[in-house]
Each structure stands twice: as structure tokens, then as C-alpha cells.
Amino acid sequence: MTAPALDLPFDAEAMLPGLRAWVDCESPTFDAAAVNRMMAVAARDLALMGARVETIPGRMGYGDCVRATFPHPKAHEPGILVMGHLDTVHPIGTLEHLPWKREGNRLYGPGVYDMKGGNFIAIEAIRQLIRAGITTSRPVTVLLTSDEEIGSPSTRDLIEAEAARHAVVLVPEPARPDGGVVTGRYAIARFNLRTIGRPSHAGARLADGRSAIREMCRQVVAIEAMTSDAVTYSVGVIHGGQWVNCVATTCDAESLSMAKRQEDLDEAVEKMLALRPTGNDVQLVVTRGVTRPVWEPDERVMALYGTARRIAQQIGFDISHQSAGGGSDGNFTGAMGIPTLDGLGVQGAGGHTLEEHLLIDSLVPRAKLIAGLLQLA
């Protein structure tokens, strides 16, 4: 079946001013007020399109979420959930170092690739369908969340509850490097570590102390040395000490493990929780943080991919599919057994770095792909 949505007048140049407003509104996860400002920008855009927009208050110190539902003749039937996050890893002030900038086919900016660009083209797809009077195959809901970059500790219950009311989930996270989509994701577990030493004056009584920082350094080396082909172990955050002239009493760190198979991740969890201090005069406490379950594709996911591939071919390109590392909220919906297609967003590179950018020539074809799925999924 050919989707009339493929003939919609998408225009990359026309999208850029609206996208810039999103990118210029910095929204790091840990700054709830900043995330809420971004949510307000998106909520207004959605309201202008005729959506019924709800702001869902944040919790655990994180930002709000936005849910937008669009009128549909089958409004009470299970619909399509378009799901993305508006928080980024970039702190306030990143725009000074990574400003909105266009260089040839590249468009730079904090969060432009992961994943404000993808969210924006998904909403643009809905906008174009509405303007053309094209009814989507199912009712459409957009859910924009606030804490995905730290594992969605405050929104997982909301995501799962919302997804359970839908028949299909579309996630406009960045496309794979070859432009492919994501039909599964690896399992991810996070851990919080604390070492406890014994304080002393670092100048006068150094030998009396036991440094929590030194113990944590030993643990970090041991943890990362456990990485194998089956499971990765990495430590990405560490804080310790308060005064340079005091032997550090405590040191805190955060570790992440990723595995393609759930059983491998379960083994990694056991190993992390079994860690012990290197000596009797220091302590180590390991607690498990948020976890993303393995999402493995089933027949319904592959059927959804097949629809997406046919749409892409009608547009004029092809898409591969793969399971991917780097978790997303698609882990949750996919693991629930709800047909989920991820990686539908923009092409580009440099996510989470000061080289983050999208490819401008991917905006229109990816928006058309999403529009086609909204009509045929």
C-alpha cells in the first residue's frame, strides 16, 4: 500500500527555525527548571496543532513530562504512541561551546541529534498530516519525557502505563550510522558505589588515614577490567573528598554495565554486588540503580519494520535494522511486548559530545518515513 503521506510538502528549510527554538532552549536532565522550559516550548507547539496537551508534574527532583493527544474518529481504540525525551546530557552554557551552527549539510547544537531533532520531525510529520486532512491509522499520542539520559528513574512507570494503552510505539531516537532503524536494544544496569576510609590530616598525619579515593581508584580499575565480549563495565562518574589537606573519608562513583543478553547482564549484576574492599581498613558499598531490560524483536516488531522498509523504499531509500547498545525508553516498551520501532529519528553523529550534529538532508526523508508509519502502522 502506498501512503499519501509520502507526497506531503516537507521542507527542511522551513523546519529549521522551529527546531532552532528547541535546540536553543538548553535542557540538561539535572536542571528541572530548564527541562520544564523546554517542555513548555514543545507543549505550545503541540497545542497550536490542535492537540489536547497535559503537563505531568515531575518527581524525584526531575522535570515535568508532556502528553499530547490528537483528535481521531477511533479515539477510544489503542493507538500509536510517539515517545521521546527532551532532556540532554549538555549542561547549561553548552551553547557557548556548541552553538547552533550550519556547516554544509551539518547542523550543530546541544541535543540537536539526541534527540530534539527526531522529536521535532515526528511532530512535523503529525503537523503535515493534519494540514493535509489525512487521518492516521490509529489515534496518536505524543509523550515527551524528562530523564531518559539517566535511565528514566522517575518516568519508567509513566512510560509503561502509557504504552500499555497503545498498539504501537514509535521512538524517534537517532538513526543508526547507516540510516537503519532499531528493532531491539541491549540490557543496561547502573550501580552506585561508595568507599569509606578513615580521615586524618594529609600533611601532619598522612599515615593514620585510609583514603576512600584511593580505594575507589582500585575498584574502578578492577571493575573496568571485567569487561568482556559479553558484558561491558564502565565507571563514568566519581566524586570524592572535600579538603585537599584531609585524607578523604568517602568517595562515590556510578558504574554502568551493558549486555546483549539478559542472562549476561544478570551475571554482571551478581559480580558488581559481590565486590569487596581491598583491605580490612576500608569499606565498600554497592547498590543497584536503574535497569533497562533486554528488548528482543518478535514477529510483530519485524512486521512493523517490514512496513517501515516498504515506506522507505517508496520514498527512495532503504533501511536496515539491528539491535543496538545505548539504551532508550524503547527498552521498556519493547520488553513489554508492545510492537516498538526505534531509531526513527535524524541521521548525524557526535551525540553526547561537543561535535553533536545532524545531517540536514535526513530531515525530510525521515519525517516522511514517520508520516508513512503514522498512516500505515
When rounded to the nearest 0.5 angstrom, what distance separates [atom1] in [X] from [atom2] in [Y]?
{"X": "Leu358", "Y": "Leu107", "atom1": "CG", "atom2": "CG", "answer": "4.5 Å"}
{"X": "Leu98", "Y": "Thr353", "atom1": "CG", "atom2": "OG1", "answer": "7.5 Å"}
{"X": "Ile121", "Y": "Glu124", "atom1": "CD1", "atom2": "CD", "answer": "9.5 Å"}
{"X": "Leu193", "Y": "Leu275", "atom1": "CG", "atom2": "CG", "answer": "7.0 Å"}
{"X": "Ser255", "Y": "Met226", "atom1": "OG", "atom2": "CE", "answer": "7.5 Å"}
{"X": "Arg138", "Y": "Gln375", "atom1": "CZ", "atom2": "CD", "answer": "13.5 Å"}

Candidate pair Glu13 and Arg102, rule salt bridge (Lys or Arg N to Asp or Glu O under 4.0 Å), full reasoning: CA-CA 12 Å; Glu13 296 299 326; Arg102 183 174 184 171; 2.7 Å; yes
Would you mind writing out the side-chain donor-acceptor pairs for residues 301-308 within the sub-3.5 Å range, not counting sequence neighbours?
residue	atom	partner	partner atom	Å
Tyr305	OH	Ile319	O	2.7
Thr307	OG1	Ala303	O	3.2
Thr307	OG1	Arg310	NH2	3.3

Donor-acceptor pair, [X] side chain versus [Y] backbone, under 3.5 Å?
{"X": "Asp87", "Y": "Glu149", "answer": "yes"}
{"X": "Glu356", "Y": "Tyr113", "answer": "yes"}
{"X": "Asp114", "Y": "Gly351", "answer": "no"}
{"X": "Arg276", "Y": "Ala274", "answer": "yes"}
{"X": "Arg292", "Y": "Gly327", "answer": "no"}
{"X": "Glu26", "Y": "Gly93", "answer": "yes"}
{"X": "Glu224", "Y": "Val235", "answer": "yes"}
{"X": "Arg185", "Y": "Gly325", "answer": "yes"}
{"X": "Thr291", "Y": "Ala189", "answer": "no"}
{"X": "Arg210", "Y": "Ala207", "answer": "yes"}

4.5 Å side-chain heavy-atom contact, [X] and [Y]:
{"X": "Arg194", "Y": "Ile196", "answer": "yes"}
{"X": "Glu162", "Y": "Thr141", "answer": "yes"}
{"X": "Trp22", "Y": "Asp45", "answer": "yes"}
{"X": "Leu373", "Y": "Ile80", "answer": "no"}
{"X": "Leu359", "Y": "Arg106", "answer": "yes"}
{"X": "Ile134", "Y": "Leu8", "answer": "yes"}
{"X": "Glu54", "Y": "Val66", "answer": "no"}
{"X": "Met39", "Y": "Leu144", "answer": "yes"}

Polar contact flag, side-chain donor to acceptor under 3.5 angstrom, [X]-[Y]:
{"X": "Asp147", "Y": "Thr155", "result": "yes"}
{"X": "Lys116", "Y": "Ser27", "result": "yes"}
{"X": "Arg218", "Y": "Thr195", "result": "no"}
{"X": "Ser200", "Y": "Asp208", "result": "no"}
{"X": "Asp64", "Y": "Thr55", "result": "no"}

Apart from Val89 itself, residues in the same hydrophobic cluster as defined by side-chain heavy atoms under 4.5 Å: none
Would you indicate whether [X], at its atom [atom1], is surrounded by more than 12 heavy atoms from other residues, nucleotides or ligands within a distance under 6.0 Å?
{"X": "Arg176", "atom1": "CZ", "result": "yes"}
{"X": "Asp178", "atom1": "CG", "result": "yes"}
{"X": "Asn245", "atom1": "CG", "result": "yes"}
{"X": "Glu296", "atom1": "CD", "result": "no"}

Ring pair (Phe, Tyr, Trp, His ring centres under 6.0 Å) partners of residues 352-377, not counting sequence neighbours, each pair once: Tyr108-His357
Qualifying ring pair (Phe, Tyr, Trp, His ring centres under 6.0 Å) pairs, either residue in residues 212-242, two or more places apart: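 Not a single pair qualifies under ring pair (Phe, Tyr, Trp, His ring centres under 6.0 Å).
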Side-chain donor-acceptor pairs under 3.5 Å in residues 68-79, sequence neighbours left out?
residue	atom	partner	partner atom	Å
His72	ND1	Lys74	N	2.9
His72	NE2	Thr136	O	2.8

Criterion side-chain contact (heavy atoms from CB on, under 4.5 Å) on Ile56 and Leu158, from CA distance to verdict: CA-CA 9 Å; Ile56 302 167; Leu158 173 64; 3.9 Å; yes
Verdict with supporting geometry, Asp329 and Arg156, salt bridge (Lys or Arg N to Asp or Glu O under 4.0 Å): CA-CA 8 Å; Asp329 290 330; Arg156 178 175 181 174; over 6 Å; no
For Glu215, all residues meeting side chain to side chain donor-acceptor pair (under 3.5 Å), sequence neighbours excluded: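 Once residues adjacent in sequence are excluded, the partners of Glu215 under the side chain to side chain donor-acceptor pair (under 3.5 Å) criterion are Gln219, Thr278.
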Single-linkage hydrophobic cluster Met115~Val112, side-chain heavy atoms < 4.5 angstrom: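 Each belongs to a different hydrophobic cluster.
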